[in-house]
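Chain letters run A, B, ... following the sequence lines, proteins first and then strands; every chain starts at 1.
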Amino acid sequence: MHSQALPGFRDFFPDETTLRNRIFTVWRDVAARYGFEEYDGPPLEPLELYTQKSGEEIVSQLYAFEDKGGRAVALRPEMTPTLARMVAQRARALKKPIRWFTMPQLFRYERQQRGRLREHFQLNMDLIGEAGPLADAELIAAAVDVVRAFGLTAADFRVRISDRRVAQALLAAHGLTGPQIVAAYAQIDKLDRDPPEDLVQNLMRTASLEEHAAARVLAVGDIRSIDALRAAVSDASIDPDTVSPLLECIEALASMGLADYVAIDMSVVRGLAYYTGIVFELFDARRTMRAICGGGRYDGLLEALGGIDLPATGFGMGDVVLGELVRERGQASEVTGAVDLFLVAVTSEDVPAVLGLAHELRDAGRRVEYALKAQSVAKQLKLASARAASQAVLIGPDERARREALVRDLATGEERRMALSRLVESPSRPADR
RNA sequence: GUGGCUGUAGCUCAAUCGGUUAGAGCGCCGGACUGUGGCUCCGGAGGUUGCGGGUUCAAUUCCCGUCAGCCACCCCA
């Protein structure tokens, strides 16, 4: 292993590039189905774009350096600041709601683990200018449809949905104030990973709470159904208007037929402080992997970043965890070779004819390969099947004399003679594709 | 950034207690097969045992360091 890519960076071999392209294709297809337009920005940005509003943590994990002009720059770790800048430039001219998506390569300098590298591609879909819950439902549905497009079902993945406003109201109803609420989020976020006793102890310490109070606060994170949510809201005498967006969002997803995929889960916190409303995560049903996708409503952020006060909601879905999931449980992609036709020169005198035919076929859009040196017919056919070509086209002295070719179907072994002119004119796709 | 585990051929893995020339399967190349592929059989190439140091008559094996991968913490765009 003399040399390899930098830690956390990937070489994409053809197999892996095929999977990556498949992911990109699905991302674009699904985004198009939802009427989203693609945009992009620079991979290198001024460092201050991230130091202004992002947390210390993000800044410490930036790939940052000084360029030759003495500018402090950074590889983009996220797309939202760029999006905010771009939207701000044309906010007045853009018809709302704005539906934009992008698939940037993002960079973060941190220790890599499975499902988490220093570089990845991420589908970002954002809906800007609409504060209502149908906007949130729209994005959640799009995220679900991306994963469904790989043949995965509710047996493979789920969406957990929460709402910052509801969580905040419930915690406030327990008497918690600013810093205590932050501390409570930190522990609630760990509910599915750590023993509850530990979390209660942590919470008693970090939020200065009595044991029974800490336990009741943690119970907010255990709300996993609409009924449990209604009960908790009723017990805490919370304004029904606070809860209605979340309920409407869930109902909207049910109307779309996606009820099997979604569930309320008040333990979904999402790390970022800027989320202000409905938040959600997609995760694999066996919970053996990291979240596939995370997002939520971030009203207020665009004003902070770009000076334009528009409500917004969006999500990011990385190619790494999604790729693992698809590889593990997704529909196998159809195995297709890189070529349709493999041309075989029976003798070395037939090579010029093969070259001529190959180029005619390529001009006609066919995917064609032939041996690059004189080889036995057996050898050439061996290469043809290794390439998964659908047909081999044999040109020998006999064929040349009659201006025809012997076309062999490599799957069935059937052979038939065909005039060269017909071969070039035949459909650019073989019958089986 | 902190801690734990792991590192042998392109891939997946062997190699007895520290002991002779580090093996196998798959893959790759060639041959059986100069007008017919997949299958089969035969042969071949491919290794600084991650790297550096130490202990020892002797290190893939034990020790230290380092790099990389995995896992946990941190954090999660």
Open item on the list: Just N and O in the side chain of A:Lys382: are any of them under 4.0 Å from OP1 or OP2 of B:U36?
Closed with: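 So the side-chain polar atoms of A:Lys382 never come under 4.0 Å of the phosphate oxygens OP1 or OP2 of B:U36.
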- [ ] Ignoring backbone atoms, establish whether A:Lys190 has a side-chain N or O less than 4.0 Å from OP1 or OP2 of B:C74.
- [x]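 Indeed, a polar side-chain atom of A:Lys190 lies that close.
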[N] versus [M] - spacing of their [atom1] atoms, nearest Å:
N     : M     : atom1 : answer
B:C26 : B:C67 : P     : 39 Å
B:G65 : B:G4  : P     : 10 Å
B:C41 : B:G23 : P     : 23 Å
B:C33 : B:A15 : C1'   : 38 Å
B:G37 : B:G47 : C1'   : 33 Å
B:U66 : B:A72 : P     : 24 Å
B:G46 : B:C29 : C1'   : 10 Å
B:C74 : B:U16 : P     : 41 Å

Side chain of [X] - closest among [options]:
X        : options             : value
A:Leu394 : B:U36, B:C71, B:A77 : B:U36
A:Pro397 : B:G35, B:G30, B:G37 : B:G35
A:Lys379 : B:G31, B:A72, B:A77 : B:G31
A:Gln122 : B:U2, B:A77, B:G35  : B:A77
A:Ser385 : B:G35, B:G37, B:G1  : B:G37

- [ ] Begin with the C-alpha distance, continue with both residues' side-chain angles, and end with the deciding distance and a verdict on salt bridge (Lys or Arg N to Asp or Glu O under 4.0 Å) for A:Asp136 and A:Arg165.
- [x] CA-CA 14 Å; A:Asp136 299 283; A:Arg165 293 161 294 200; 5.3 Å; no
Task: Test log, rule salt bridge (Lys or Arg N to Asp or Glu O under 4.0 Å), inputs A:Asp319 and A:Arg20 - done: CA-CA 8 Å; A:Asp319 71 313; A:Arg20 184 174 100 178; over 6 Å; no
Mind checking [X] for me? I need base, sugar-phosphate or nothing, with any heavy atom below 4.0 Å counting as a touch.
X        : answer
A:Asp398 : base
A:Gly295 : nothing
A:Glu119 : nothing
A:Gly413 : base

- [ ] Would you please classify the geometry between the A:Tyr261 ring and the A:Phe157 ring as parallel, tilted or perpendicular, with 30° and 60° separating the classes?
- [x] tilted
TODO: Check the angle between the aromatic planes of A:Tyr39 and A:Trp100 and answer parallel, tilted or perpendicular using the 30° and 60° thresholds.
DONE: tilted
Base [N] to side chain [X], donor-acceptor N/O within 3.5 Å cut-off:
X        : N     : value
A:Arg408 : B:G37 : yes
A:Glu415 : B:U36 : yes
A:Gln380 : B:G35 : no

Should [N] form a Watson-Crick or G-U wobble pair with both distances under 3.5 Å, which nucleotide is its partner?
N     : value
B:G38 : none
B:A14 : none
B:A72 : B:U2
B:U56 : none
B:G27 : none
B:G46 : none

Rounded distance (Å) that lies between atom [atom2] of [N] and atom [atom1] of [X]:
X        : N     : atom1 : atom2 : result
A:Glu324 : B:C71 : CD    : C1'   : 14 Å
A:Gln375 : B:C29 : CD    : P     : 10 Å
A:Asp350 : B:G35 : CG    : C1'   : 10 Å
A:Phe342 : B:G35 : CZ    : P     : 17 Å
A:Gln113 : B:C76 : CD    : P     : 14 Å
A:Leu383 : B:C29 : CG    : P     : 8 Å
A:Arg402 : B:G35 : CZ    : P     : 17 Å
A:Glu78  : B:A77 : CD    : C1'   : 5 Å

Open item on the list: Apply salt bridge (Lys or Arg N to Asp or Glu O under 4.0 Å) to residues A:Arg400 and A:Glu349 and explain how you reach the verdict.
Closed with: CA-CA 10 Å; A:Arg400 273 192 291 131; A:Glu349 281 74 41; 5.6 Å; no
- [ ] Return the 5'-most residue of the pair A:Leu106, A:Phe9 with respect to RNA chain B, ranking by each residue's nearest nucleotide.
- [x]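 Here A:Phe9 is the residue nearer the 5' end.
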Open item on the list: With nearest nucleotide decided by heavy atoms, which residue, A:Thr80 or A:Gly8, maps closer to the 5′ end of RNA chain B?
Closed with: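 Its nearest nucleotide being more 5', the pick is A:Gly8.
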Open item on the list: One thing to verify: whether A:Glu324 and A:Arg114 come together as a salt bridge, which I'm taking to mean a side-chain N less than 4.0 angstrom from a carboxylate O.
Closed with: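 Judged by the 4.0 Å cut-off on N to carboxylate O distance, A:Arg114 and A:Glu324 do form a salt bridge.
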Task: Among A:Arg71, A:Arg85, A:Arg76, salt bridge (charged side-chain N to carboxylate O under 4.0 Å, His left out) partner for A:Glu45 - done: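 Answer after filtering A:Arg71, A:Arg85, A:Arg76: A:Arg85.
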Open item on the list: Show the nearest heavy-atom pair for residues A:Leu410 and A:Ala384, with the distance to one decimal.
Closed with: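 Closest pair (atom of A:Leu410, atom of A:Ala384, distance): CD1-CB, 3.9 Å.
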